[in-house]
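Report on one structure; see the data block that follows.
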There are 2 protein chains.
Amino acid sequence: MSKCEQCIVRELSSLKALTRDELLKVSSCKTSHIIKKGEIIFEEGENVNGIYCIKDGVCKLTKLSGNGKDHIVKLVTKGELLGQRSMISEEPVNLSAVALEDMEVCFIPKTEVMRFFDKNNQFSMNVMKTICGDLKEADDHMVNLAQKTVKERLAETLLYLNDTFGKNEDNSLKVQLSRDELASIIGTATESCIRLLSEFKKLDLIELNGKKIILKDVNKLKKISE
Amino acid sequence: MSKCEQCIVRELSSLKALTRDELLKVSSCKTSHIIKKGEIIFEEGENVNGIYCIKDGVCKLTKLSGNGKDHIVKLVTKGELLGQRSMISEEPVNLSAVALEDMEVCFIPKTEVMRFFDKNNQFSMNVMKTICGDLKEADDHMVNLAQKTVKERLAETLLYLNDTFGKNEDNSLKVQLSRDELASIIGTATESCIRLLSEFKKLDLIELNGKKIILKDVNKLKKISE
DNA sequence: ACTAAAATATGACAATTATCATATTAAAAA
DNA sequence: TTTTTAATATGATAATTGTCATATTTTAGT
């Protein structure tokens, strides 16, 4: 079992506030997991008795809507924590987490985390700030969904993927989403998403190579996204 | 100046965790304000150095979108706190707060509140839970905006207003919104909102009397909202 | 009370987006 | 490899929603 003291993630998440002693405790009670692409970490409605720390990989947080379709609420990646909201609210998780690529995660039981909340003020504050950041992001996202067209939202999402997760050596977006998943982020029908991607391709704004997407004209995409 | 120890609001918000001594402190440093309908409490981008405690009235939290239109992100009412996220994140507020009716609010300076964060764990926990609740709500709202039709969203919003803020003696919704504001909650053009209200009226689901809206068939509205 | 301004309402039309049908291509399984 | 299945792509069309014009009603200001 790998040690938290040496884990790179420790520097990224709220966990960076933990002391050496506290980290040793986490090390001894955490469990490590390899999660394959497509596998479910947890599902909406489940009781998750702790938090997941993402050591590597990206996952999507989805919520089932009334019409039976999944909506992708957020993408979460290396260095971030999952399940904080649910743990604090003492409620089942309201979102499902599914791996978009192979992942490495550690699970830290609630009992341990709650102890840090009591003892380590800086840790509490970090978690709070993270959740506040999520809330702000959610507000922004909400306004975009309410006020922007599908085309604007697609352009914006492509830029977001580029800025947040970067690109491979061949310049294609690192996070590979299916058309269906892309549609479920921007909130539209899969066909509409595909059609707009084709349009962007014709306008030479992007290049499509199977699932790979290469942004060719970031400035024009920015203009479209407004 | 009225005293916090006797204020009804004290039982509602996160402040209920405060001790008698802490409440006395708040009493002595808070400032009370009467805010008239339509007046601004704070504006997006401002630095608000503390939190507002709503003693009476309802306000809207709005965010300006790219196209210059305001989107109503949330309605906040008696017993709730404003400006918590901004205070914790140590950032300017990301939303504007505008009174929908005459309001009574108290302002508690940040320095005081931060002291409670350090000393009173239950208070921190309450604030955290509130923010987590807001985040969950935001997730739900996001999915609705992305997946539901305008008609479904209108029905849902009417039911929400009814359930959350109740009705007057004449059965009309207590919170009176202009058509424009209603449209800006559900994320549509004012004309579309008006048109759908007319449609609901023709179907005998609601009654319209100027700004007053009376829900006549809650069950059918529920079915429409899905 | 009267005038001006704003909010509500409705029609006509255009633009956007969804749905259904059907190729085509890519990926997975036999 | 071959077959089967799933994902991507595109056309045709319908439904939804937005925009502009304009009338009517309500509200606010003098």
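Worth knowing before you read on, the calculation uses all heavy atoms, side chains too, and leaves out hydrogens, waters and symmetry mates.
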(message) With a cut-off of less than 4.0 Å, is there a side-chain N or O of A:K211 near OP1 or OP2 of C:dA26?
(response) no

(message) Which is more 5' along DNA chain D, the nucleotide nearest A:L177 or the one nearest A:A146? Just name the residue.
(response) A:L177

In whole Å, what is the span from the [atom1] atom of [X] to the [atom2] atom of [N]?
X: B:R179; N: D:dT27; atom1: CZ; atom2: C1'; result: 14 Å
X: A:Q176; N: C:dA26; atom1: CD; atom2: P; result: 14 Å
X: B:E181; N: C:dA6; atom1: CD; atom2: P; result: 16 Å
X: A:K151; N: C:dT17; atom1: NZ; atom2: C1'; result: 12 Å
X: B:I224; N: D:dT16; atom1: CD1; atom2: P; result: 12 Å
X: B:Q147; N: C:dT19; atom1: CD; atom2: P; result: 10 Å
X: B:I206; N: C:dT8; atom1: CD1; atom2: C1'; result: 13 Å
X: A:N209; N: D:dA9; atom1: CG; atom2: C1'; result: 15 Å

(message) Quick check: on DNA chain C, is the nucleotide nearest B:G210 upstream (toward 5') of the one nearest A:V150, or the reverse? Name the residue that is more 5'.
(response) B:G210

(request) Output yes when a side-chain donor or acceptor of A:S184 lies under 3.5 Å from a complementary backbone atom of A:D70, and no otherwise. (result) yes

(message) Could you check whether atom NZ of A:K220 has more than 12 heavy atoms from other residues, nucleotides or ligands sitting under 6.0 Å from it?
(response) no

(message) Are more than 12 heavy atoms, taken from residues, nucleotides or ligands other than A:K129, located less than 6.0 Å from that residue's NZ atom?
(response) yes

(request) Specify the residues of residues 184-205 of chain B, ordered by number, for which at least one heavy atom lies under 4.0 angstrom from an atom of DNA chain D. (result) B:T188, B:A189, B:E191, B:S192, B:R195

(message) Looking at B:E112 and B:K30, is there a salt bridge between them, counting it only when a charged N and a carboxylate O are closer than 4.0 Å?
(response) no

(message) Less than 4.0 angstrom from a charged side-chain N to a carboxylate O is my criterion; do B:D170 and B:K212 meet it?
(response) yes

(message) Checking contacts here: which listed nucleotide (C:dT17, C:dT8, D:dT8) is nearest the side-chain heavy atoms of A:T149?
(response) C:dT17

(message) Checking A:S178 against A:D180: is there a side-chain donor and acceptor pair closer than 3.5 Å?
(response) no

(request) Could you go through the salt bridge (charged side-chain N to carboxylate O under 4.0 Å, His left out) check for A:R85 and A:E91 one step at a time? (result) CA-CA 8 Å; A:R85 193 208 64 81; A:E91 287 173 351; 3.3 Å; yes

